Q: 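Structure provided below as structure tokens; questions to follow.
Everything quoted here is computed from the prediction, not taken from an experiment. Start at 1 with the first residue, then count along the sequence. Just so you know, ligand 1 is whichever comes first in the structure, and atom 1 is the first atom listed for that ligand.
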Amino acid sequence: MYTGLRHLHSGLRYVVLLLLIIAVITAISGLLGKKAYTEGNRKLNLFTLIFTHVQLLVGLGLYFISTKVDFSNIGANSGIRYWTAEHSTMMLIAVILITIGHSKSKKALTASAKFKKIAVFYTIALIIILATILMAVSKGFITFWGF
Ligand code: HEM
Ligand code: HEM
């Protein structure tokens, strides 16, 4: 169960990152090129939200079973602190930003306003997610490309 969830969560990072990057580039190009907001744009932004939420659900599951999440030993080492506090908090903020951005884009009335909400919220979330992953990589907890 733990190993399965861990591999799923680890692998899903690439799907989330790839979708986020494509969604951000598409939104910026739509905004700057004054393009129409198509059904394809809507689906891309929705799939990005859905995969991010699946990642959230798996992350929450891991949070309860991972041996690296341990409140009583949070000061024991930087690894325990990272997985217990930093990773989950930062990723949760990113997921919330994506959810708000998607909702605001859905409610916006013009194509440029729809692109703008995605461009702003998804970009900030992407930066937070990359920074949080790089924090773990730089401390040697994970490798960027490995499982
Ligand atoms: C397999 C897991 C999940 C899937 C497939 C999923 C999918 C979705 C979808 C399709 C939407 C609606 C997007 C729209 O507005 O069209 C949504 C919205 C939302 N989801 Fe998830 N989700 C999942 C898990 C979660 C979890 C675990 C949470 C919270 C802990 C969550 C919180 C929310 C919130 C707050 C919204 C926004 C509702 C709104 O716009 O008013 N989701 N999700
Ligand atoms: C977009 C959101 C997220 C991304 C991209 C992400 C990415 C990752 C990555 C790359 C790992 C390392 C996996 C490995 O060992 O190779 C990881 C581990 C972990 N994540 Fe996330 N995560 C996200 C959200 C969350 C959330 C919201 C939570 C909890 C609330 C969470 C909880 C955990 C836990 C507990 C681990 C450590 C599992 C273990 O090795 O014992 N993650 N995550």
Q: Under 4.0 Å from a heavy atom of S88: which atoms of ligand 2 are those, numbered in the order shown and with their elements?
A: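 The atoms of ligand 2 under 4.0 Å from a heavy atom of S88 are 29 (C), 30 (C).
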Q: Regarding T99 and H53, do their side chains bring together a donor and an acceptor under 3.5 Å, going by distance alone?
A: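 Looking only at side-chain atoms, H53 and T99 do form a donor-acceptor pair, the distance falling under 3.5 Å.
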Q: Quick check against the 3.5 Å criterion: does R13 have a side-chain atom that pairs as donor or acceptor with the backbone of F144?
A: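 The answer is yes, because a donor-acceptor pair under 3.5 Å joins these two groups.
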Q: Check the surroundings of atom CZ in F51: do more than 12 heavy atoms from other residues, nucleotides or ligands lie under 6.0 Å from it?
A: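 No - once you tally the heavy atoms of other residues, nucleotides and ligands closer than 6.0 Å, there are 12 at most.
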Q: Do any nitrogen or oxygen atoms of H87 lie less than 3.5 angstrom from nitrogen or oxygen atoms of ligand 2?
A: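 For ligand 2, there is an N or O atom that lies under 3.5 Å from one belonging to H87.
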Q: How about atom 38 (C) of ligand 1: does it have a protein heavy atom within less than 4.0 Å?
A: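 Given the 4.0 Å limit, the answer for atom 38 (C) of ligand 1 is no, no protein heavy atom qualifies.
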Q: Measure the shortest side-chain to side-chain distance between V54 and V15 over non-hydrogen atoms and say whether it is less than 4.5 angstrom.
A: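 They are not in side-chain contact.
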Q: Heavy-atom contacts with I129 under 4.0 Å: which atoms of ligand 2 show up? List them by number with element.
A: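 The list of qualifying atoms is 1 (C), 5 (C).
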Q: At less than 4.0 angstrom from any non-hydrogen atom of L57, what atoms of ligand 1 do you find?
A: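 Counting from 1, the qualifying ligand atoms are 1 (C), 2 (C), 27 (C).
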Q: Heavy atoms, side chains only, cut-off 4.5 Å: are L134 and K139 in contact?
A: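 The answer is no; the side chains never approach within 4.5 Å.
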Q: Do W83 and S66 have side chains that get closer than 4.5 Å, going by heavy atoms?
A: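 A side-chain contact under 4.5 Å is absent here.
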Q: Backbone, side chain, both or neither: what part of T132 comes under 4.0 angstrom of ligand 2, heavy atoms only?
A: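 The answer is neither.
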Q: Have a look at F115 and tell me which of V120, L32, N41, I28 forms a side-chain contact (heavy atoms from CB on, under 4.5 Å) with it.
A: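 Of V120, L32, N41, I28, side-chain contact (heavy atoms from CB on, under 4.5 Å) with F115 is met by N41 alone.
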Q: Identify the protein heavy atom lying closest to atom 28 (C) of ligand 1, giving its residue, its atom name and the separation to 0.1 Å.
A: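 Its nearest protein heavy-atom neighbour is L56 CD2, 3.7 Å.
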Q: Examine the side chains of N77 and Y82 and answer whether a donor and an acceptor come within less than 3.5 Å of each other.
A: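 No donor-acceptor contact under 3.5 Å links the two side chains.
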Q: When you look at OH of Y2, are more than 12 heavy atoms from neighbouring residues, nucleotides or ligands closer to it than 6.0 Å?
A: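 More than 12 within 6.0 Å, yes.
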Q: Considering W83, F141, Y14, which one's heavy-atom position lies nearest to atom 11 (C) of ligand 2?
A: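 That would be W83.
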Q: Please confirm whether Y63 comes within less than 3.5 Å of ligand 2 when only nitrogen or oxygen atoms on both sides are compared.
A: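 No.
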Q: Under 3.5 Å between any N/O of K68 and any N/O of ligand 2: does that happen in this structure?
A: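 Yes, since at least one N or O of K68 sits under 3.5 Å from an N or O of ligand 2.
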Q: Report the nearest protein non-hydrogen atom to atom 35 (C) of ligand 1: residue, atom name, distance rounded to 0.1 Å.
A: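 The answer is T99 CG2, 4.2 Å.
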Q: Is there a polar contact between ligand 2 and S10, counting only N or O atoms under 3.5 Å apart?
A: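 Yes, since at least one N or O of S10 sits under 3.5 Å from an N or O of ligand 2.
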Q: Within a distance under 4.0 Å of any heavy atom of V69, pick out the atoms of ligand 2 and give their elements.
A: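 Numbered from 1, ligand 2 contributes 35 (C).
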Q: Any idea which protein heavy atom is nearest atom 9 (C) of ligand 1, and the distance to it?
A: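 In this structure, atom 9 (C) of ligand 1 has L49 CD2, 4.1 Å as its nearest protein heavy atom.
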Q: Can you name the atoms of ligand 1, numbered from 1 with element, that are less than 4.0 Å from a heavy atom of V54?
A: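 Answer for ligand 1: 1 (C).
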Q: May I ask you to list the atoms of ligand 1 that are less than 4.0 angstrom from any heavy atom of I50?
A: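 Near I50, meaning under 4.0 Å from one of its heavy atoms, ligand 1 has 5 (C), 10 (C).
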Q: Given 3.5 Å as the limit, does a donor-acceptor pair link the side chain of H7 with the main chain of T3, or not?
A: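 Yes, the answer is positive, given that a donor and an acceptor are paired below the 3.5 Å cut-off.
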Q: Decide if atom NZ of K114 counts as having more than 12 heavy atoms of other residues, nucleotides or ligands within a radius under 6.0 Å.
A: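 Counting neighbours around NZ of K114, more than 12 heavy atoms of other residues, nucleotides or ligands fall under 6.0 Å, so yes.
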Q: Does the Q55 side chain pair with the main chain of H9, one donor and one acceptor, at a distance under 3.5 Å?
A: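 Yes; judged by distance alone, with no hydrogens or angles, the pair exists.
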Q: I'd like to know if atom 41 (O) of ligand 1 has any protein heavy atom within a distance of less than 4.0 Å.
A: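 It does not: no protein heavy atom is found less than 4.0 Å away from atom 41 (O) of ligand 1.
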Q: Would you check whether H53 has a nitrogen or oxygen atom less than 3.5 angstrom from a nitrogen or oxygen atom of ligand 1?
A: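 Yes, at least one N or O pair falls under 3.5 Å.
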Q: With heavy atoms of S66 as the reference, note each atom of ligand 2 found under 4.0 Å away.
A: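 Contacts of ligand 2 toward S66, numbered from 1: 38 (C), 39 (C), 41 (O).
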Q: In the protein, which heavy atom is nearest to atom 15 (O) of ligand 1, and how far is it?
A: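 The closest one turns out to be K106 NZ, 2.8 Å.
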